[in-house]
There are 2 protein chains.
Amino acid sequence: MATIEDVAKLTGLSRTTISRVINDHPYVSEEKRKLVLEAMEKLGYVPNSSARSLRNQKTSILALFIPRITNPFFSELVEATEIAAGEHGYQLIICQTRYSPEKELNYMNLLKTKQVDGVILASIQNEWKKLKPFLQYGPIVLCNEFDDCANVPTVRLDQVYGGYIATKHLLERGHTKIAYCSGGYRSNVAKSREIGFRKALAEYKLTFDERYAFRDAFHIADGKRVFHQMMALSEQPTAVFTGSDEVAAGIISEALRSGYRIPEDLAVVGFDNQAITELTNPTITTVHQPVKQMAQKAVDIIIEKIQTKKYEGKEIYEFPLQLIVRASTVGSELHESEA
Amino acid sequence: MATIEDVAKLTGLSRTTISRVINDHPYVSEEKRKLVLEAMEKLGYVPNSSARSLRNQKTSILALFIPRITNPFFSELVEATEIAAGEHGYQLIICQTRYSPEKELNYMNLLKTKQVDGVILASIQNEWKKLKPFLQYGPIVLCNEFDDCANVPTVRLDQVYGGYIATKHLLERGHTKIAYCSGGYRSNVAKSREIGFRKALAEYKLTFDERYAFRDAFHIADGKRVFHQMMALSEQPTAVFTGSDEVAAGIISEALRSGYRIPEDLAVVGFDNQAITELTNPTITTVHQPVKQMAQKAVDIIIEKIQTKKYEGKEIYEFPLQLIVRASTVGSELHESEA
DNA sequence: TATGAATATGAAAACGATTTCATTCGTTTC
DNA sequence: GAAACGAATGAAATCGTTTTCATATTCATA
């Protein structure tokens, strides 16, 4: 492989001048610039990234932490983040923690060893005090997931509101026995939605019933399981709030198979507004999350932090959620989207 | 940030000895080793990745090229590849070409600039002669997608067979008017499946009908569109082969909504064996692809190539596909999986 | 015509690791 | 008792850039 030294030799110039041409620095005569560019072309020269990273103390790589990419919500987040990073000349390394605190800490060493310039956490598996020490090595930005203790920029969605509007929608339609599904106990996203859920119940003078709570539902298969668990209860719920469209779809699928009518026997609300919501019959009422905007903002912020080198300091950027009403809650009646 | 020099100073030893401890080299007394480890701990020292990459001429990063990650097939591939890479101490950079030849070539510079040690192509957007020159900079391994001209290791699935068994299944059930859906004209995966499709037709003395061909179907929405296009034909097909479960699900969803019965009025075969196949009612007959095995093999191969530094040479590793029979082709009759 | 910019170039020192080559001890071995 | 060998250590070169200085030239200005 040709190095900058080879180009220097071929042109009879110094490495300095070659470097100036590469980096578009001033004070290079047009004559030499041409000469250098030709030599680079001829040798097939291209600057070595490792050498640049070492000298410039930056890698132009970001790390994105997610539990697993096969969750469509995170697929969408990765897609948007990769595109946004690319627009800034950054590459994206994927870190699947698979809900393991150890794996998460292990991936954090990417920051410590300077293999990446910054870390975007879209999920959090450790207490903040375990993660905080890494801040001395580079910026950490929270995106989607959040932590009240974390003194770093956070790009998030108003999940309390999301849980609230979805639940209120069910309450307005007369339901009083509403089950609650979420993914994970540790997640503050899930906790916030539950707060919104409870808030809506409270407004209707209802209390949260722990028997109706299922906090370990992530996939389609979990939805199917939960449906049967719900139906095994002495007092069956007439509606269910879920933390993801996959879970909602699983519930609906199994309910239909068991001869239940949706939404007459069971109304279902999903979350995420995935393509799957338009697939089932009935289609799924859900909450739309502006993932692209969130990802774009997170990338903008982290690049700013990389440049200013100020990593600490809480900043919250919050985007709104939107209820999308479909047939899984309102049946064949006329329905419309509401904000 | 502490450097190796700081550790050397604190211990009164040379950089050489510190490096020996870091890399577990022989000829370091137990006494000094302890001393060094303590000093590293005390200083919070950790080796700088860029410096190591430069000196060792390796980054421990792989690049994975895919069209877009929100396609569940590629999500699954990324998940498996990231895990396999991690087991070998490699990180994974995601490159979404979004079906653009220019983007693909642009990402290829990661190899040229030595930002990654190797490239795994799970999709191909350029003619091989455009990609071949990059082989001088590092290994390229094809995984899933393939190209007859490419003189590099290829890990693939027997797509001709996949197209064949799915189609034969429909033929055996008496269908003679079978539509064909695939994703992309450029893909050799799609082309191979079509060969298998045609082969099965030929065995039943049937010819391929171009009016029944839809080669631009990727997503759920495409499936819905295709359903209506099929039904607008003067002679409507009674069965349809699709290149993805999403498309199959889209077709089924729209068919049911239009009052068609599946499979009585229209039998549907999907591809990929995604979770979605168990969601629809009826469940979807599909072709299972051993994605994890394929990803694991691709990673093993590329790491071997990185080590041996021999990049050229065709090697084909092929994994089998398997038909999974479900209700979208056999209705309520008793059905079973066949190999 | 001397003076001070502005322009153009290069030598050498970083960046932070690893590796080659010497060197210094002990210990065997003949 | 000298030669040979293995263990333990360090000085300095190296990986391929960028940047800091220093120097040389040109050119306008007083």
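Quick note on labels: first sequence line is chain A, next is B, and so on, each numbered from 1.
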Give a yes/no answer on whether the side chain of A:Lys32 brings an N or O atom under 4.0 Å of OP1 or OP2 in C:dA8.
-> no

Take B:Thr70 and B:Arg68 through the test side chain to side chain donor-acceptor pair (under 3.5 Å) and record every step on the way to the result.
-> CA-CA 6 Å; B:Thr70 42; B:Arg68 50 181 304 192; 2.9 Å; yes

Given A:Ile83, A:Val116, A:Ile120, A:Leu64, the one that forms side chain to side chain contact (heavy atoms under 4.5 Å, CB included) with A:Leu92 = A:Leu64

Test item: A:Val36 and A:Val28 side chains (from C-beta on) under 4.5 Å apart, heavy atoms = no

Whole Å only: how far is the CD atom of A:Glu30 from the P atom of C:dT7?
-> 14 Å

Gap between atoms OH and P, on A:Tyr27 and C:dT9 respectively (whole Å) = 13 Å

Is it true that B:Asp24 and B:Arg33 make a salt bridge, defined as a side-chain N closer than 4.0 Å to a carboxylate O?
-> yes

Any A:Thr17 side-chain N or O less than 4.0 Å from OP1/OP2 of C:dG10 | yes

Going 5' to 3' along nucleotides 13-19 of chain D, which nucleotides have protein heavy atoms under 4.0 Å from the base (write B), which only from the sugar-phosphate (write S), and which from neither (write -)?
-> BBBBBBB

Examine distances only and state if a side-chain atom of B:Glu145 and a backbone atom of B:Val189 form a donor-acceptor pair shorter than 3.5 Å.
-> yes

Any ring pair (Phe, Tyr, Trp, His ring centres under 6.0 Å) pairs touching residues 124-151 of chain A, not counting sequence neighbours?
-> none

What is the distance from CG of B:Leu43 to P of C:dG16, rounded to the nearest Å?
-> 14 Å

Angle between terminal axes - the helix from C:dT1-D:dA30 to C:dC30-D:dG1, 5 pairs each end, rounded to 10° | 50°

Considering residues, nucleotides and ligands other than B:Lys191, do more than 12 of their heavy atoms fall under 6.0 Å from its NZ?
-> yes

From B:Leu131, B:Asp117, B:Val119, B:Leu135, residue fulfilling side chain to side chain contact (heavy atoms under 4.5 Å, CB included) relative to B:Leu111 = B:Val119

